[in-house]
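No experiment lies behind these values; they were computed from the predicted model shown.
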Amino acid sequence: MSSIGPGDLASFLAIARHGSFRRAADAIGCTPSALSHALRTLEERLDVRLFNRTTRSVTLTEAGAQLYARLAPAFRDIDDALDDLNNFRGTPTGTLRLNAARSSAEMVLRPMISRFLVAFPQVRVDLVISNGLIDLVSGGFNAGVRFGETIAQDMIAVPIGPRQRSAVVASPAFFKRYPIPRMPQDLKTLPCIRLRFESGRYYAWEFECDGVDLTVEVDGPLSMNDQSLMIEAALDGVGLAYAFEGQVADLVSAGRLVRVLEDWCPPYNGFHLYYPSRRQLPAVLRAFIDFCHEEAHVKL
């Protein structure tokens, strides 16, 4: 077998983590064609197929999955060892790999990352959007951002950003055709835009008022797995949408959306940054955690 170097294996890991030649190439700084050639060379040297490739997807074969499971922890240890050298520098360097749902990335994480990169110009951030829950360790991420209640108990979670509040909205044209709901139960008779999780499960709209908690299984002509598109559909008059207050506040102020059931949407704890429990955190992650704490303190 020809010699196989760490660069060949790093290319394999990048494709496995991102599930795409283009995204993997962007992450490691090469072209998709060069990465594809590197993978073909590696498979020829190993004499085994590592990925099933079609025009639409790149997935691990059984052999590829086994190789990934063995290699990923070793490369994480190497990354951590290199990150530890940051403790001897005045300024952290390296790549911070984050995973977040689109809503948390748009509302909280993206602006915070922008300010973080200004404060630490030698750091790079690789942000991957995934609306479903993922395994940070197998995915090669330093940390993720989700709601606290969805985070596994073996993770360390710290608040990031302000408290959140939900909002039920529809277009003015919609309410020319349908009555305004006065109670959450009224939603059962109105067309709603349903949020579908990547697992296939539909989100049941949650409400609370004066200590009374209600969960409503809504129905309607349109289901989506992206809240930004749901808001666009609400603007088109398709139905009522359940979104974060921060996502629709400007549209409500401009009169393009009408908010209802506001008394049933109290504030609640917002997003959390979470990461695996380790004795020593990578310096770049420690810098980001400290930065988030400082941002929260400044805004108090």
Side-chain angles (χ1 to χ4, degrees), residues 1-84 94-102 105 124-146 150-152 154-155 196-201 224-226 229 274-278 282 284-285:
M1 182 185 298
S2 303
S3 176
I4 296 174
D8 302 313
L9 299 178
S11 297
F12 161 74
L13 288 171
I15 300 168
R17 287 169 178 165
H18 294 277
S20 160
F21 282 100
R22 179 182 58 79
R23 290 195 295 270
D26 289 342
I28 64 177
C30 70
T31 65
S33 59
L35 195 58
S36 179
H37 176 73
L39 176 62
R40 284 197 301 271
T41 301
L42 177 62
E43 289 179 325
E44 289 172 0
R45 290 175 178 173
L46 294 173
D47 193 25
V48 65
R49 191 176 185 84
L50 300 175
F51 290 94
N52 294 312
R53 300 186 279 280
T54 69
T55 55
R56 295 188 176 184
S57 66
V58 180
T59 58
L60 286 164
T61 63
E62 183 178 356
Q66 179 175 309
L67 180 62
Y68 179 80
R70 295 291 299 274
L71 287 178
F75 269 73
R76 278 195 300 274
D77 288 342
I78 293 171
D79 289 340
D80 290 347
L82 294 174
D83 280 331
D84 286 344
T95 299
L96 177 65
R97 294 179 293 273
L98 300 173
N99 184 282
R102 181 171 300 279
R124 293 179 177 230
V125 175
D126 180 12
L127 173 61
V128 176
I129 301 301
S130 174
N131 289 327
L133 293 175
I134 57 94
D135 185 326
L136 292 181
V137 176
S138 63
F141 296 102
N142 296 115
V145 176
R146 293 292 190 280
T150 65
I151 298 172
D154 61 345
M155 293 285 169
R196 185 184 66 255
F197 295 116
E198 292 187 6
S199 64
R201 183 174 65 88
M224 292 183 170
N225 66 345
D226 186 284
L229 290 178
Y274 69 102
Y275 50 92
S277 175
R278 294 180 180 175
V284 67
L285 176 57

*Listed by chain and number, what are the side chain to side chain donor-acceptor pair (under 3.5 Å) partners of Asn52, not counting sequence neighbours?*
none
If every non-hydrogen atom of [X] is compared with every non-hydrogen atom of [Y], which pair is closest and at what distance?
| X | Y | result |
| --- | --- | --- |
| Ala63 | Arg49 | CB-O, 4.1 Å |
| Ala101 | Ile129 | C-CG2, 4.3 Å |
| Phe51 | Ala16 | CZ-N, 3.7 Å |

Are [X] and [Y] close enough that some pair of their side-chain heavy atoms sits under 4.5 Å apart?
| X | Y | value |
| --- | --- | --- |
| Val128 | Arg23 | no |
| Leu50 | Leu39 | yes |
| Leu35 | Ile15 | yes |

_Partners passing ring-ring contact (aromatic ring centres under 6.0 Å, His included) against Phe21 (at least two apart in sequence or in another chain)_ = none
*Taking Ser36 for its side chain and Pro32 for its backbone only, find out whether a donor-acceptor pair lies under 3.5 Å.*
no
*Dump the intermediate steps for side-chain contact (heavy atoms from CB on, under 4.5 Å) on Phe12 and Leu60, then the final yes or no.*
CA-CA 10 Å; Phe12 161 74; Leu60 286 164; 3.8 Å; yes
[X] side, atom [atom1]; [Y] side, atom [atom2] - distance, nearest 0.5 Å:
| X | Y | atom1 | atom2 | answer |
| --- | --- | --- | --- | --- |
| Leu98 | Leu285 | CG | CG | 8.0 Å |
| His37 | Thr31 | NE2 | OG1 | 10.5 Å |
| Asn99 | Leu136 | CG | CG | 6.5 Å |
| Leu71 | Gln66 | CG | CD | 10.5 Å |
| Arg201 | Arg196 | CZ | CZ | 13.0 Å |
| Arg102 | Leu229 | CZ | CG | 8.0 Å |

_Pairs where residues 27-43 contributes a residue and the test salt bridge (Lys or Arg N to Asp or Glu O under 4.0 Å) is met, not counting sequence neighbours_ = Glu43-Arg53
_Member of Val284, Val125, Asn142, Asp126 meeting the side-chain contact (heavy atoms from CB on, under 4.5 Å) criterion with Thr95_ = Asp126
_The test is side-chain contact (heavy atoms from CB on, under 4.5 Å); show your working for Ser130 and Arg146 and say whether it passes._
CA-CA 10 Å; Ser130 174; Arg146 293 292 190 280; 4.2 Å; yes
